[in-house]
Every structure is written in C-alpha cells, then in structure tokens.
Amino acid sequence: MAAKESKKENSGRRTPGPTNPMVTPILTDQYQFTMAYAYWKAGKHQERAVFDLYFRKNPFGGEYTVFAGLEECEGFLDYLRGIDCSDVEVYAIPEGSVVFPKVPLLRVEGPIAVVQLLETPFVNLINFASLVSTNAARHRFVAGKSKTLLEFGLRRAQGPDGGLGASKYSYIGGFDATSNVAAGMLFGIPLRGTHSHAFVISYMSLDEIKDKSLRKKDGSSTCEDFGSDSLRGYSAETNKSELAAFTSYALAFPDNFLALVDTYDVMRSGMPNFCAVALALSDLGYKAIGIRLDSGDLAYLSCEIRKLFCSIEKEFGLPGFGKMSITASNDLNEETLDALNKQGHQIDAYGIGTYLVTCYAQAALGVVFKLVEINNKPRIKLSEAVSKVTIPCKKRIYRLYGKESYALVDILTGENEPPPKVGERILCRHPFRESKRAYVVPQKIEELLRCYCAGSSDKKEEILPPLKDIRERCIQQLEEMRPDHMRRLNPTPYKVSVSAKLYDFIHSLWLNEAPVGELR
Ligand SMILES: Nc1ncnc2c1ncn2[C@@H]1O[C@H](COP(=O)(O)OP(=O)(O)OP(=O)(O)O)[C@@H](O)[C@H]1O
Ligand SMILES: O=P(O)(O)OC[C@H]1O[C@H](OP(=O)(O)OP(=O)(O)O)[C@H](O)[C@@H]1O
Ligand SMILES: O=C(O)c1cccnc1
Ligand SMILES: [Mg+2]
C-alpha cells in the first residue's frame, strides 16, 4: 500500500503523511483487527461510533499539558484513506493548545470497525508528542522567556524516532533550536550547536594548523599568522593544545566562534584561551559568539566568566564583549534550572538533552480512546475508580475566560445544547462530584474542538498551520494561564466541568447501566 498524498482542496496545507515510515496500518495492537473482524461478522461494522481521545492526569506533577501530535494523526488518516477512511470525521483541539484531563483532545467519528482501528496509532501519536511538548514547556517556564533553549538530546533519545519526535515537539513546547540535523531538515526547526571535547583534545599544538591565514572581516587585508601577535598575555599559563583547538575553530568559523571551555580547567585555561582567540578575532573585525560550559558549578562559573568578559570589555574598550553568550549544558533538568535561578547565574542559553527527550520525570501520558456513542446512543464505561468513568455523548467543549483574560474553566456540553454566551451566567458542574459547581459569567469563549477531517460531511476543514505557528500558539496559550496553575510546587488544578444538562444525563445513564447489588 503506497502512502497517499492528502487532497485537502478546501483546506490550506497539504499533510505530507506521517513523517515516520514506521507509521503504517499495521502499527497497531492485534485486538483492533480481531474486533474489526467481529464487528463485521456481527454485521455491526458500519454502525456510526464516536470515540473521545483524552488523558486522565497531567504529567510531571503539574496541572497542565500541551496538546501535540495532531498533524501526524491527520497524516495517518490520509494514508489510511487508501483503505477507505473516507467516512471518518476528526474533530480536534488545535495543536499547541494547553489542555486538561478528561477533555477530548480528539473526537473521532465513523464506522466502528474503521474507527476502532485508529485507537492504537492515534494514542501512540498523541501520547509522546504531548508529553515531550509539555516537558519542553515546563523547562521553558523555569528557564524564563529570555533564555535560549537548545535541544541536544538525539544521542540519548529512545531510538531514532524518539529523537526526531523529541526535537519536533520540544520546539512546539518552546525550545528555540535543535542540534538534530534531520529534524532541522524535515521540520524547518532552527539548527544550532557548538563543538565537543573531542575537538579540543584532538589537537596537540599550534603547529598542527597548516594555514593560519585569516582575511579581515572587511576584506581589506589578510593576517597570515592568525593569533600569534594578539594573545596579549592571556594564554601564558594555559593548555596549548586547547589554544590550538580554539584557534583552529576560529579560523574555520570566524563569524561563529563559540568554544567549549571546560576540557582542562575553565578559569585557568579554557577562558584565557577563549579570550585570547576572541581578541585576535576582534582585531580582524570579527565578533566572537561566546562559550559553552559542560561541567562544574555552572552558577559560579558563569558569574566568574561574566566578570572576566566585562573586565576585558573595559580594558580593551570593546563594546559588546561583556555581553557575550554563556551556554550551559550537562544533565540539566527542571530542578537544576531552578537551583541555578535561586543561586543567581549569568547563563544565556541552555543545551538540554537526556532529561528533556526521554521525559525522564515521567515515562508516559496516560492517553486513552473511549467509545462515547454508537448509533446516536450515548455509551458509558463504569469503574470502581470514579476517575475512570467515561463522559458519554458526542460533546462540544468551550473554554471560558474571566475578567482578567485568564482561562477560568473548560465546559463540556452535549453536541446539540445551546452554546454558552459571553456575559451570560452559566452553571459549570464537576462531572462526578455533586457538590462541586460554580456559576461563571464568561468574558470570552473559545470553542475548542474543530473539524480537521470532514469525512463525507460537508463541514469545512481547518487548515493545519506551520510548525512555527503551532509553537506560537503554545507559547501564547501558556501565557494565558493563571500563574497558580503553572507553578511547579502544588499548582492549583484547572477546572474541567460539564453543563447541568450533561451532568444529569451522565448520572441517569450511570444509574441505568449499573446493576443494583443485593446484600445477603
Ligand atoms: N550551581 C549548580 N547548582 C545545582 N546544580 C548544578 C550546578 N552546577 C551544575 N549543576 C548540576 O550538577 C550536576 C553535576 O554533575 P557531575 O558531577 O556529573 O558533573 P561534573 O563533575 O560537573 O562534570 P563532569 O563529570 O562531566 O566533569 C549536573 O547535573 C549539573 O547540571
Ligand atoms: O547532558 P545532556 O542534557 O544529555 O545534554 C547533552 C550532553 O551531550 C554532550 O556530551 P555527552 O553527554 O555526550 O558527554 P559527557 O557525558 O562527557 O558530558 C553535551 O556536552 C551534553 O553534556
Ligand atoms: O552542539 C552541541 O554543543 C551539542 C550537541 C549535542 C549534544 N551536546 C552538545
Ligand atoms: Mg554529559
């Protein structure tokens, strides 16, 4: 079966299909096929079913999640159209949105045998994507808006696909760039990087550099022996193989000189060597970018380095030298970023790998895909654990905003209920706890589920935005969250509610479906 390109005449961007060649119709659990067979055998396979895809608990001890993976799902559906998914409708919250437990991120409607087959791939595609995006958003939250966040995780990711997905979804969650070249090429994510310790230790002496000539930035003349007369005493006691490595790197990238300074000794060797080469570049009209630190006390060292940069700016009258960039890496995570902030530091950029891409703090987001209606009849799944009872019916979702333009509550209503209105009081009920309810007078309302696949209906399909716009939406949505929902320690849960009508319906269906016990 060859992958089909999406048609999408009435929407904007074409979906190229899944970016991962492993995403094929057999990327599923066997029981999806056995159920499809049994539906068919019973003559039930064409019955129109509605499934909701959602999760039950926010990850990482937080109170929010970033929704991601929608584009990949649409791609998969386009691919499946070849085996007739033409009657499947997909409604989804826009990718990059901040989302909460129990709210359907995706509502999929169509012949039950076909929609059943979509469960495993859709849950697979949304789970990791949303988890990594949320992880990235959380790292961004601690790092602060002004810092540059670089995703360096490819080598430590769960296989090639884990790495590629992590790069894409870290970008959506607010990272600025990746070191993953494939992700840069495939998704247009900015590529960034420095160099490794191997580059530094591979040099033994300056004599190894055959051609030391460097043209001035303005092209007016060429310096034939770059570095030799410009060291200004900075590298008197330093490691000369490191100086050779830096000199060589500067000759290769005079406009992009960023050196890893912790190979031998940061303050006794790496920094003096870096400054010597940066000054030599400056003499020829080039501005060095800065340094990377990959070990030691990152807070302390960054402050010492900033002091050194500033003193050189003053001593040599070099505007901008003091503001050169300090990048830190080495097993960074939310906790270390937080600790660095508390201590005070001078770091401008973080390179984060392992903890980000492997989602070290939590392995999975418990996404589920549950049947909520068949043949226009709402269905419910009961459970001893109230949190596992499903919310029946084909539903609409609205996000209600309050006076201070923060999101107040999400409300689920039946598909045909009148929508909430701005300025009109509406009762929002906890789906399962009778006493928990509140009136809300929304100042702004956003309907969350939009049509991404119209199936055979004539609904207008949403345009899938470029990755950059999804990232922008994510950043914007996170800013609209009340700060107490966002804090890392004991955040306030965001309220997810149902309308009074839906509440009554859920509970009547519950009573209807639950057998009455008998005590003997
Ligand atoms: N000021 C700081 N406050 C809190 N944590 C820090 C600080 N500076 C560095 N860290 C973290 O402490 C850990 C230090 O790890 P480790 O002991 O493996 O590194 P190292 O000894 O500095 O480097 P290496 O072993 O690579 O030479 C890392 O996770 C790093 O991110
Ligand atoms: O620490 P992470 O968050 O995973 O970020 C990526 C790491 O990968 C690189 O070195 P690598 O770890 O390969 O070598 P090292 O163990 O000697 O630092 C880089 O210098 C970082 O330390
Ligand atoms: O470019 C870098 O500095 C880099 C890339 C991947 C992993 N560690 C560092
Ligand atoms: Mg490391």
Side-chain angles (χ1 to χ4, degrees), residues 135-136 138-139 142-144 147-160 162-168 170-171 175-185 189-202 239 242 245-246 248-250 252-253 255-271 274 288-307 324-358 360-361 488:
N135 201 18
R138 294 180 64 88
H139 281 78
V142 186
K147 303 299 171 192
T148 298
L149 292 184
L150 311 172
E151 180 269 307
F152 279 175
L154 182 57
R155 66 192 59 197
R156 300 275 164 64
Q158 270 96 346
L164 201 60
S167 302
K168 177 174 178 183
S170 294
Y171 184 63
F175 270 58
D176 296 293
T178 179
S179 64
N180 180 345
V181 178
M185 296 311 200
I189 302 172
L191 283 171
R192 290 275 298 274
T194 66
H195 67 77
S196 75
H197 296 112
F199 185 82
V200 180
I201 62 178
S202 74
N239 182 302
E242 185 180 54
F246 289 178
S248 165
Y249 202 69
F253 301 105
D255 276 315
N256 273 303
F257 179 54
L258 196 158
L260 176 61
V261 294
D262 71 334
T263 305
Y264 301 110
D265 185 311
V266 174
M267 296 314 291
R268 289 198 185 85
S269 184
M271 282 313 298
F274 170 80
I289 304 287
I291 61 98
R292 173 162 77 100
L293 278 171
D294 192 42
S295 61
D297 184 327
L298 301 172
Y300 168 79
L301 287 169
S302 69
C303 293
E304 291 300 302
I305 289 168
R306 183 68 65 208
K307 276 190 232 157
M324 266 192 300
S325 165
I326 300 176
T327 299
S329 55
N330 185 24
D331 289 337
L332 293 173
N333 56 27
E334 279 187 68
E335 278 69 38
T336 42
L337 296 184
D338 190 43
L340 292 170
N341 288 344
K342 285 182 175 132
Q343 291 160 49
H345 65 83
Q346 287 291 327
I347 298 162
D348 303 293
Y350 297 103
I352 310 183
T354 313
Y355 283 91
L356 174 69
V357 304
T358 64
Y360 194 94
R488 296 182 59 243

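In each ligand, atom 1 is the first atom listed, and ligand 1 is the first ligand listed. Here, residue 1 is the first one in the sequence, and each next residue gets the next number.
Here the CZ-OG distance, from Arg192 to Ser179, works out to 11.5 Å after rounding to the nearest 0.5 Å.
In terms of heavy-atom proximity, Ser295 sits nearest to Asp262 at OG-OD2, 2.6 Å.
When the shell of 6.0 Å around CZ of Arg268 is examined, it contains 12 or fewer heavy atoms from other residues, nucleotides or ligands.
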For each nitrogen or oxygen atom of ligand 1, which protein N/O atoms lie closer than 3.5 Å, and how far apart are they, rounded to 0.1 Å?
residue  : atom   : partner : partner atom : Å
ligand 1 : 1 (N)  : Asp297  : OD1          : 2.8
ligand 1 : 1 (N)  : Gln343  : OE1          : 2.7
ligand 1 : 3 (N)  : Gln343  : NE2          : 2.9
ligand 1 : 8 (N)  : Gly296  : O            : 3.4
ligand 1 : 8 (N)  : Leu298  : N            : 2.9
ligand 1 : 19 (O) : Asn330  : ND2          : 3.2
ligand 1 : 22 (O) : Gly296  : N            : 2.5
ligand 1 : 29 (O) : Asp331  : O            : 3.3
ligand 1 : 31 (O) : Asn330  : O            : 2.7

Ligand 3 N/O to protein N/O, distances under 3.5 Å:
residue  : atom  : partner : partner atom : Å
ligand 3 : 1 (O) : Thr194  : N            : 2.8
ligand 3 : 3 (O) : Thr194  : N            : 3.3
ligand 3 : 3 (O) : Thr194  : OG1          : 2.4
ligand 3 : 3 (O) : Arg292  : NE           : 3.3
ligand 3 : 3 (O) : Arg292  : NH2          : 3.4

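The closest side-chain donor-acceptor pair between Thr178 and Glu151 falls under 3.5 angstrom.
In this structure, Ile347 and Lys147 have side chains that are not in contact, with every pair of non-hydrogen atoms separated by 4.5 Å or more. Side chains of Phe246 and Val261 form a contact here, defined as non-hydrogen atoms less than 4.5 Å apart. Using a 4.5 Å heavy-atom cutoff, the side chains of Met324 and Ile291 are not in contact.
Checked for salt-bridge contact, Arg156 and Asp331 miss the test: no charged N lies under 4.0 Å from a carboxylate O.
Of the possible donor and acceptor atoms, one in the side chain of Thr358 sits under 3.5 Å from a partner among the backbone N and O of Thr354.
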